[in-house]
Amino acid sequence: MANKTTIEDVELHLAHPDSINMKWIGNDQMREQLVAAWTVISDEDIALNPRLIGKPGVGKTTLAYAVARQMGRVVYIMQCTMDTRPEDLLVTPVVAGEGKLAYHASPLVTAMVTGGACILDEGNRMSEKSWASLAPLLDQRRYAESIIAGIKIHAHPNFRVCVTMNDDASTYELPEYIQSRLQPQIEVAFPSRDEEISILSFNVPFAEEDIVAYVADFLQKAHQVNLPFTSRDGVNILRFAKKLGELRDADAKGFLSESIEAVLGKDGAEFLDTGVPGDRMRGAMREVIDDLDEDDYEDLFGDDEVEDDMPEGDKE
Ligand SMILES: Nc1ncnc2c1ncn2[C@@H]1O[C@H](COP(=O)(O)OP(=O)(O)O)[C@@H](O)[C@H]1O
Ligand SMILES: [Mg+2]
């Protein structure tokens with residue numbers, strides 16, 4: 001692909017696409033909603049700009065990436081922060097020697113001109129000023145104006161964009177006129193136990209089945225009491241336990257609680273000690289790991305065990 005393009009006589013250097021070995025495992029409804037939002041069904045129709053919302057690490061970026069690839073797009077991930085300025089989102093001038101300036105297109109603008117997909121990752125962190133520069137792009141006008149390069153950039157018909165947002169407190173409240181341009185809202189929820197096991201084994205294929213199942217159960221139990229431990233944490237717990245095992249030349253199983261404490265900190269340690277309120281395993285999470293053995297394991301974590309252990313009041 002050409003790495004330069006010219007708009008209104010201004011030469012733009014294009015950004016590089018992201019290519020990652022990512023597979024989305026989980027609920028088909030979320031995937032379908034994203035596909036539907038991005039599908040254009042007639043000449044009068046335009047693509048929607050969905051917002052994927054969920055806890056950090058539940059798989060929002062993974063879902064957006066997987067769907068964009070599935071729909072045949074080259075993907076550009078743009079990491080948004082509090083410091084992202086309008087020019088970072090669009091075009092940045094770079095000194096190119098001899099007093100000359102070169103213009104660099106952002107991942108977003110590169111996706112716009114080449115017909116790719118852009119993921120505005122963690123967009124909730126970005127200031128209103130930066131969002132305001134995207135308002136015309138996010139409605140039927142589908143263009144953005146770069147003040148710095150003095151050009152109006154029209155989006156290719158194949159261009160698609162979505163925004164991921166963490167639903168934590170560390171975020172700016174987006175103004176209404178921006179929120180209304182970022183619809184539909186797709187809630188990315190925690191995976192089921194089976195999905196969790198698939199996610200963990202896909203990401204850490206060298207971890208044994210029993211520790212994968214243990215970590216999946218640990219996460220499921222944490223979800224029941226609204227602790228925000230996610231698949232990303234699970235992947236890190238498994239990876240770290242395996243590394244400790246490798247280094248100490250012993251079974252990774254023996255290092256799961258150490259790994260959980262190191263990855264999740266105080267909250268993780270506390271949860272290991274107390275378990276789920278009303279749970280017959282209360283206080284036993286740590287012991288379970290310490291002498292995890294396959295037969296005992298079956299007894300402790302039957303398939304329907306998670307449901308059975310729900311405190312009465314929490315049942316639907
Ligand atoms: N549903 C899922 N399918 C596949 N991998 C997942 C899933 N959820 C989380 N992961 C894994 O967990 C990690 C974090 O996922 P990510 O998409 O970055 O989360 P988020 O964007 O919500 O913070 C990635 O390494 C990813 O491989
Ligand atoms: Mg993300």
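Any value given below was found using the heavy atoms of this structure, including those in side chains, with hydrogens, waters and symmetry copies removed. When a ligand or atom number is given, it counts from 1 through the structure's own listing order.
- Using the six-membered ring where Trp is involved, Phe271 and Phe229 have ring planes that are perpendicular, over 60° apart on the 30 and 60° scheme.
- Residue contacts with ligand 1: Val58 is placed with a nitrogen or oxygen under 3.5 Å of a nitrogen or oxygen of the ligand (distance criterion only).
- Counting atoms of ligand 1 from 1 in the listed order, those under 4.0 Å from a heavy atom of Thr61 are 17 (O), 21 (O).
- The protein heavy atom nearest to atom 9 (C) of ligand 1 is Ser231 CB, 3.5 Å.
- No part of Glu195 comes within 4.0 Å of ligand 1, judged by heavy-atom distances.
- A cation-pi contact links Arg248 to Phe255, judged by a cut-off of 6.0 Å to the six-membered ring centre and 45° from its axis.
- Checked by distance only, ligand 1 and Thr62 come closer than 3.5 Å through their nitrogen or oxygen atoms.
- Residue Ile186 is grouped with residue Phe190 when hydrophobic side chains (ILVMFWY) are merged at heavy-atom distances under 4.5 angstrom, including chains of intermediate members.
- Under 4.0 Å from ligand 1, heavy atoms of Ile25 appear from its side chain as well as its backbone.
- For the Mg ion (ligand 2), the count of nearby protein N, O or S atoms, meaning those under 2.8 Å away, is 1.
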Practice task
Check the pair Glu208 / Lys242 against salt bridge (Lys or Arg N to Asp or Glu O under 4.0 Å), numbers first and verdict last.
Solution key: CA-CA 9 Å; Glu208 294 78 12; Lys242 287 297 289 178; 2.9 Å; yes

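- The structure places CG of Asn49 at 10.0 Å from CZ of Arg181, a figure rounded to the nearest 0.5 Å.
- Near Trp24, meaning under 4.0 Å from any of its heavy atoms, are these atoms of ligand 1: 1 (N), 2 (C), 3 (N).
- Ligand 1 has an N or O atom lying under 3.5 Å from an N or O atom of Asn203, backbone or side chain.
- In this structure, the protein non-hydrogen atom closest to atom 6 (C) of ligand 1 is Ile199 CG2, 3.5 Å.
- Interatomic distance, CG of Leu256 versus CG of Leu244, reported as 9.5 Å (0.5 Å rounding).
- Counting only distance, with no hydrogens or angles, the side chain of Asn203 and the backbone of Ile199 share a donor-acceptor pair below 3.5 Å.
- The backbone N or O of Met71 lies less than 3.5 Å from a partner atom in the side chain of Arg73, making a donor-acceptor pair.
- Gly54 does not count as a contact of ligand 1, since none of its heavy atoms falls under 4.0 Å from the ligand.
- Interface atoms of ligand 1 facing Pro56, defined by a heavy-atom separation under 4.0 Å, are 23 (O).
- Ranking protein heavy atoms by distance to atom 23 (O) of ligand 1, first place goes to Gly57 N, 2.7 Å.
- Side-chain N/O atoms of Glu196 and Ser231 include a donor and acceptor closer than 3.5 Å.
- Dense packing is recorded around CD of Gln179, with more than 12 heavy atoms of other residues, nucleotides or ligands lying under 6.0 Å away.
- Between His104 and His13, the ring-plane angle classifies as parallel under the 30° and 60° cut-offs.
- Among all non-hydrogen protein atoms, the one lying nearest atom 4 (C) of ligand 1 is Lys23 O, 2.8 Å.
- At least one donor-acceptor pair closer than 3.5 Å links the side chain of Arg51 to the backbone N or O of Leu182.
- When only interatomic distances are considered, the shortest N/O to N/O separation between Arg232 and ligand 1 falls below 3.5 Å.
- Between Glu187 atom CD and Gln29 atom CD the span is 11.0 Å, to the nearest 0.5 Å.
- Each of the atoms 8 (N), 9 (C), 15 (O), 16 (P), 17 (O), 19 (O), 20 (P), 22 (O) of ligand 1 lies under 4.0 Å from some heavy atom of Gly59.
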